[in-house]
J.: 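Sharing a structure below in structure tokens format, with a few things to ask.
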Amino acid sequence: MTRQLTDFLQNYIKKGSLFKDKKALQSNYKPKAVPYRGDQINQVAAILAPILRMEKPSNLFIYGKTGTGKTLVTKHVTENIRRIAKENKINLKIFYLNCKLKRVADTEYRLIAQLAREFGEEVPATGLPTDEIYKIFLNKLEEEKMILLIILDEIDQLVHKTGDEILYNLTRLNSELKESEISIIGISNDLLFTDNIDPRVKSSLSEEEIVFPPYNAIQLQKILKQRSKLAFHEKIIKEGVIEKCAAYAAREHGDARRALELLRVSGELAERKGDTRIEVKYIDQAEEKIERDRVVDIVATQPKQFKITLHSIVTVCSNNTNQSIFTGDVYNTYKETCSQCGITPLTQRRLSDIIAELDMLGIINAKVISKGRYGRTREISLAIPEGNITQITTILKNSLSL
DNA sequence: CGAGATTCATGTGAAGTATACCTTTAGGCTTAA
DNA sequence: AAGCCTAAAGGTATACTTCACATGAATCTCGTA
């Protein structure tokens with residue numbers, strides 16, 4: 001047994017890795033150049049450039065589907081601006097916040113609190129009035145006499161959850177500032193986002209707008225080739241692999257992040273199998289694995305009540321296969337589940353909201369339908385691939401100690 | 001037969017409540033002069 | 001008298017509950033052809 005293990009480990013070293021630099025394929029990797037986004041880079045740069053003359057740049061709004069390079073381009077440009085600002089002794093700060101993160105920036109209070117924390121200020125998670133937290137933040141900002149650039153990623157999620165007042169407050173902030181100035185970059189996956197917000201907010205928040213088009217399959221291929229040169233040793237990738245990755249991602253609205261992830265995970269799978277080259281067959285496995293990991297990750301990080309709800313949905317789904325299931329069924333099962341693990345159940349009202357949130361997360365599909373005489377409800381189905389359900393159930397059971 | 005009323009099961013908005021946390025304030029105790 | 005600690009008072013954000021009303025198509029009702 002030990003013998004085997006030593007052999008394995010020895011071999012592992014000897015064989016070396018398929019990867020030269022795996023980081024090049026990870027989602028937080030920032031390449032030196034961003035291909036096919038020259039226009040967007042120039043536009044963003046042109047809009048933000050006034051910073052370097054200590055002038056407040058226009059607020060900017062960026063739209064585009066996931067994996068079209070919004071975040072990457074924004075970071076790319078702002079990094080450069082940050083660098084040049086530093087060289088020229090311009091007092092500039094750039095804060096990047098992802099509004100989707102639960103319990104970080106998903107309410108007005110938490111958003112501002114997080115900004116204050118970026119300044120190194122200790123602020124409590126709750127208890128203070130919201131204007132108080134604004135004051136703390138603004139005072140700190142005034143003290144430092146600077147230009148502040150706030151990047152709000154996935155801002156549509158925030159507004160969806162808490163309404164558009166936040167945006168109004170944010171845009172109004174400048175009028176309260178004497179020494180410093182704030183500019184906001186909003187990034188949204190939802191192309192129709194601004195249709196539903198207050199026109200006053202809209203005009204001041206999106207003084208400038210940039211739309212990021214999806215990549216097409218050929219562009220994706222080029223991107224993949226470029227990155228794979230950095231990431232893998234020579235001649236590791238078999239013919240057709242890149243093409244297939246690109247095709248898969250192009251099918252999903254040209255999502256470059258996905259394409260890169262497919263390639264990376266394929267590589268990892270090949271490596272784990274002891275293969276010396278990446279075969280086309282690994283891509284399909286990779287796609288499955290990615291989806292599985294995504295779901296597992298989401299599920300595992302949900303609060304308890306969300307887990308119980310999800311568990312109930314899974315249970316109901318598996319009990320009556322190929323029949324549609326409704327809120328009422330889920331709620332009944334939910335109550336049972338609660339009594340099993342000794343937790344007082346929430347009301348149906350609340351459960352309704354939780355189901356809606358789970359839908360937003362994309363792990364279930366819930367559509368409000370009217371069954372005519374038989375009332376109105378949500379038609380719920382799982383958005384988890386068939387093969388992963390058992391695994392998810394296990395995770396849920398373990399964390400709920402069922 | 002068809003237009004309009006009815007109905008059901010739950011969606012959904014608003015307001016209220018519980019909890020956990022915050023600051024302020026008043027009182028009480030200690031201490032030093 | 002001044003200083004310090006503590007506990008109560010008064011305030012907030014968040015997650016949840018309560019209450020009440022909204023929804024919308026299948027079904028029912030009833031007048032009419």
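In what follows, every chain begins at residue 1, and chains take the letters A, B, ... in the order their sequences are listed.
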J.: Going by an N to O cut-off under 4.0 Å, is there a salt bridge joining Glu287(A) and Arg251(A)?
T.: yes
J.: Starting at atom NZ of Lys335(A), determine the distance to atom C1' of dT17(C), rounded to an integer number of angstrom.
T.: 15 Å
J.: How sharply is the helix from dC1(B)-dG31(C) to dT31(B)-dA1(C) bent, taking the axes over five pairs at either end and rounding to 10 degrees?
T.: 30°
J.: Could you identify which residues of residues 118-140 of chain A place a heavy atom less than 4.0 Å from some atom of DNA chain B, listed by residue number, or say none?
T.: Pro124(A), Thr126(A), Gly127(A), Leu128(A)
J.: Using every non-hydrogen atom in the two residues, find where Thr68(A) and Phe212(A) come nearest and quote the distance to one decimal.
T.: O-CD2, 3.3 Å
J.: What are the 5'-most and 3'-most nucleotides of DNA chain B lying under 4.0 Å from any heavy atom of chain A?
T.: dT7(B) to dT23(B)
J.: Judged by modelled atom types alone, do Asn388(A) and Glu291(A) share a side-chain donor-acceptor pair under 3.5 Å?
T.: no
J.: Looking only at side-chain N and O atoms, does Gln302(A) offer a donor or acceptor that is under 3.5 Å from a partner on Lys102(A)?
T.: yes
J.: Whole Å only: how far is the CD1 atom of Ile308(A) from the P atom of dC16(C)?
T.: 11 Å
J.: State whether the number of non-hydrogen atoms from other residues, nucleotides or ligands found under 6.0 Å of Arg53(A) atom CZ is greater than 12.
T.: no
J.: Salt bridge check: are Asp131(A) and Lys135(A) linked by an N-O gap of less than 4.0 Å?
T.: no
J.: Please assess Phe95(A) against Lys93(A) for the test side chain to side chain contact (heavy atoms under 4.5 Å, CB included), listing each intermediate value before the final yes or no.
T.: CA-CA 7 Å; Phe95(A) 291 163; Lys93(A) 276 218 164 98; 3.7 Å; yes
J.: If we only count heavy atoms from C-beta on, is the Cys317(A) to Ile325(A) side-chain gap below 4.5 Å?
T.: yes
J.: Pull out every protein N or O sitting under 3.5 Å from an N or O of nucleotides 22-24 of chain C, one pair per line with the distance.
T.:
| unit_1 | atom_1 | unit_2 | atom_2 | d |
| --- | --- | --- | --- | --- |
| dT23(C) | O2 | Arg376(A) | NE | 2.8 |
| dG24(C) | N2 | Gly372(A) | O | 2.9 |
| dG24(C) | N3 | Ser370(A) | OG | 3.4 |

J.: Using heavy atoms and a sub-4.0 Å distance, could you list which residues of residues 105-115 of chain A are near DNA chain C? By number, please.
T.: Thr107(A), Tyr109(A), Arg110(A)
J.: Would you say Glu165(A) has more than 12 foreign heavy atoms packed within less than 6.0 Å of its CD?
T.: no
J.: If we only count heavy atoms from C-beta on, is the Tyr29(A) to Leu230(A) side-chain gap below 4.5 Å?
T.: yes
J.: Just to be sure I understand the geometry, which residues of residues 341-356 of chain A put a non-hydrogen atom under 4.0 Å away from DNA chain C?
T.: Pro345(A), Leu346(A), Thr347(A), Arg349(A), Arg350(A)
J.: Are Gln40(A) and Ile62(A) side-chain neighbours, meaning at least one heavy-atom pair lies under 4.5 Å?
T.: no
J.: Is the closest side-chain heavy-atom distance between Leu111(A) and Leu170(A) below 4.5 Å?
T.: yes
J.: So do the side chains of Tyr109(A) and Gln114(A) get within less than 4.5 Å of each other, counting heavy atoms only?
T.: no
J.: What do the steps show when you test Tyr96(A) against Ile150(A) for side chain to side chain contact (heavy atoms under 4.5 Å, CB included), and what is the final call?
T.: CA-CA 6 Å; Tyr96(A) 172 88; Ile150(A) 306 173; over 6 Å; no
J.: Apply side chain to side chain contact (heavy atoms under 4.5 Å, CB included) to the pair Ile136(A) and Leu128(A), showing each step before the final yes or no.
T.: CA-CA 11 Å; Ile136(A) 295 174; Leu128(A) 291 183; 4.0 Å; yes
J.: Side chains of Thr71(A) and Thr74(A): does their closest heavy-atom pair fall under 4.5 Å?
T.: no
J.: Taking atom types as modelled, is there a side-chain donor on Tyr168(A) or Asp198(A) under 3.5 Å from an acceptor on the other?
T.: no
